[in-house]
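Each remark here refers to the structure printed beneath this line.
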Amino acid sequence: MSVSRPVRTGLAVALLASAAVACGDAGGLRGAGSTPTATSPARLWPQLTPASSPAWNIDEADTEVVKGVTVPGDDIRKVDPVAIVRAEIAAHPKDYRGPTAIYRDTTARMAACTSKPTAGKATDGKAVARKATDRTADADADADTTAAGTCPVLQPYYRDLTGDGRVDLTLGFRLLPGDAPDLTAVRVYTMDKHRLLRVMAWEDAVSAVELAGRSVIIRSPSDLADYEYRLQWTWDPEQKAMLLTHDEMLRTHHGQRPGRPSPTTTATASPSSTADPSPSPSPSVTP
């Protein structure tokens, strides 16, 4: 039975009285010292004319329709992630094809990718949470195989990042050989007017990727020991794209890494899946 308002008030008074007695027994209330004076930001060089355009273009709000990939029933989980990466390679041949292409090895290793459904299929709802732990070992093994140099496409993850009630796709693949070691491409796709639309693209040396709310968080190593870069992209409904909303350098807490994505996000790996993140083996989606 809930406590009535008068009774709750009486209990609060009694607790405050007892706390005051306890403080008195310990020698009475003590001041915490003077409060620091608040300092407002000081503007420097007010005579400078404010810049009207950015110095560097990082392709913010840059979206791209994925050509040549159909989405059955507008269900993004039924699209083969391998087909999406192949479509990007076809759309950007300068980066991926030919002996001088910077990511030519990614193209070569795409031959090792399969769209064949696997035995472990993810499903929606509570089944995902129940099976997440059982699939962890298989998912880790698949990730290790990818890193070893076979198929460069990583496990897809599904979560509603745009707030429209439908899951979106977060996809990663290795960029090989690249102009730096361990480069990974991170992409986010959503459905727009029956088209598959890429709403975020980033390439970096990645140490961890997380999904949080409507955001994608990418952690990358720094040249400074015990520090890392943390970049966060968040869905912007006006721009209809993931925008870079945070870019900062943080301590790594002595090398500790963030945990795995929660079972509320779905990961699968075979071509036509209906899941919500918890990894499953092989880089294509299963129904």
Is it true that atom CD of Glu238 has more than 12 heavy atoms of other residues, nucleotides or ligands lying nearer than 6.0 Å?
no

Output yes when Asp80 and Arg86 qualify as a salt bridge under the 4.0 Å nitrogen-oxygen rule, no when they do not.
no

Sequence neighbours excluded, the answer for salt bridge (charged side-chain N to carboxylate O under 4.0 Å, His left out) partners of Arg97 is none

Are side-chain heavy atoms of Ser207 and Glu228 found at a separation under 4.5 Å?
yes

Would you call Val69 and Val66 a side-chain contact if the rule is heavy atoms closer than 4.5 Å?
yes

Is any side-chain heavy atom of Val216 less than 4.5 Å from a side-chain heavy atom of Leu211?
yes

What do the steps show when you test Leu154 against Thr184 for side chain to side chain contact (heavy atoms under 4.5 Å, CB included), and what is the final call?
CA-CA 10 Å; Leu154 306 177; Thr184 301; 4.1 Å; yes

Could you tell me whether a side-chain N or O of Asp192 sits under 3.5 Å from a main-chain N or O of Arg195, the two making a donor and an acceptor?
no

Would Trp202 and Leu243 show up in the same hydrophobic cluster when neighbours are defined by side-chain heavy atoms closer than 4.5 Å?
no

Spell out, as yes or no, whether a donor-acceptor pair under 3.5 Å connects the side chain of Asp160 to the backbone of Gly165.
yes

Side chains of Trp235 and Lys240: does their closest heavy-atom pair fall under 4.5 Å?
yes

Any chance you could measure Leu183, atom CG, to Asp204, atom CG, to the nearest 0.5 Å?
7.0 Å

Are Met200 and Thr63 side-chain neighbours, meaning at least one heavy-atom pair lies under 4.5 Å?
no

Any side-chain heavy atom of Val82 within less than 4.5 Å of one from Met110?
yes

Minimum side-chain heavy-atom gap Arg230-Ile217 below 4.5 Å:
yes

For a side chain to side chain contact (heavy atoms under 4.5 Å, CB included) check, start with the C-alpha distance between Trp233 and Thr245, then their side-chain angles and the critical distance, and finish with the verdict.
CA-CA 6 Å; Trp233 279 261; Thr245 53; over 6 Å; no

Answer with yes or no whether the hydrophobic clustering places Leu250 together with Leu224; edges join I, L, V, M, F, W, Y residues whose side-chain heavy atoms lie under 4.5 Å apart.
no

How close do Arg104 and Gly98 get, counting heavy atoms only, and between which atoms?
CB-O, 3.6 Å

CA sep, side-chain torsions, deciding dist, call: Leu171, Val85, side chain to side chain contact (heavy atoms under 4.5 Å, CB included)
CA-CA 9 Å; Leu171 184 61; Val85 176; 3.9 Å; yes

Under 3.5 Å, is there a donor on one side chain and an acceptor on the other for Ser215 and Gln232?
yes

Pick out which of Val71, Leu197, Ile84 makes a side-chain contact (heavy atoms from CB on, under 4.5 Å) with Tyr189.
Ile84

Exercise: identify the closest heavy-atom pair between Gln239 and Ala61:
OE1-CB, 3.9 Å

Walk me through whether Thr234 and Met242 qualify under side chain to side chain contact (heavy atoms under 4.5 Å, CB included).
CA-CA 5 Å; Thr234 303; Met242 304 288 290; 5.6 Å; no

Value rounded to 0.5 Å, distance of CZ in Arg174 from OG1 in Thr106:
8.5 Å

Is the shortest heavy-atom distance from the side chain of Thr190 to the side chain of Leu161 under 4.5 Å?
no

How long is the straight-line distance from NZ of Lys94 back to OG1 of Thr100, given to the nearest 0.5 Å?
9.5 Å

Looking only at non-hydrogen atoms, find the nearest pair between Asp95 and Ala101 and report the distance.
O-CB, 3.5 Å

Can you tell me how far the CZ atom of Arg214 sits from the CG atom of Asp168, to the nearest 0.5 Å?
9.0 Å

As an exercise, state the distance from CG of Asp182 to CG of Leu175, rounded to the nearest 0.5 Å.
11.0 Å

For Arg166 and Asp164 the tightest heavy-atom approach is N-OD1, 2.9 Å

Closest contact, heavy atoms only, Thr150 versus Arg109
O-CB, 3.4 Å

Drop me the distance from Lys78's NZ to Thr70's OG1, to the nearest 0.5 angstrom.
11.5 Å

Using a strict 4.0 Å threshold on nitrogen-to-oxygen distance, state whether Arg187 and Glu203 make a salt bridge.
yes

Lys NZ or Arg CZ of Arg251 over Tyr227 ring: under 6.0 Å, within 45°
yes

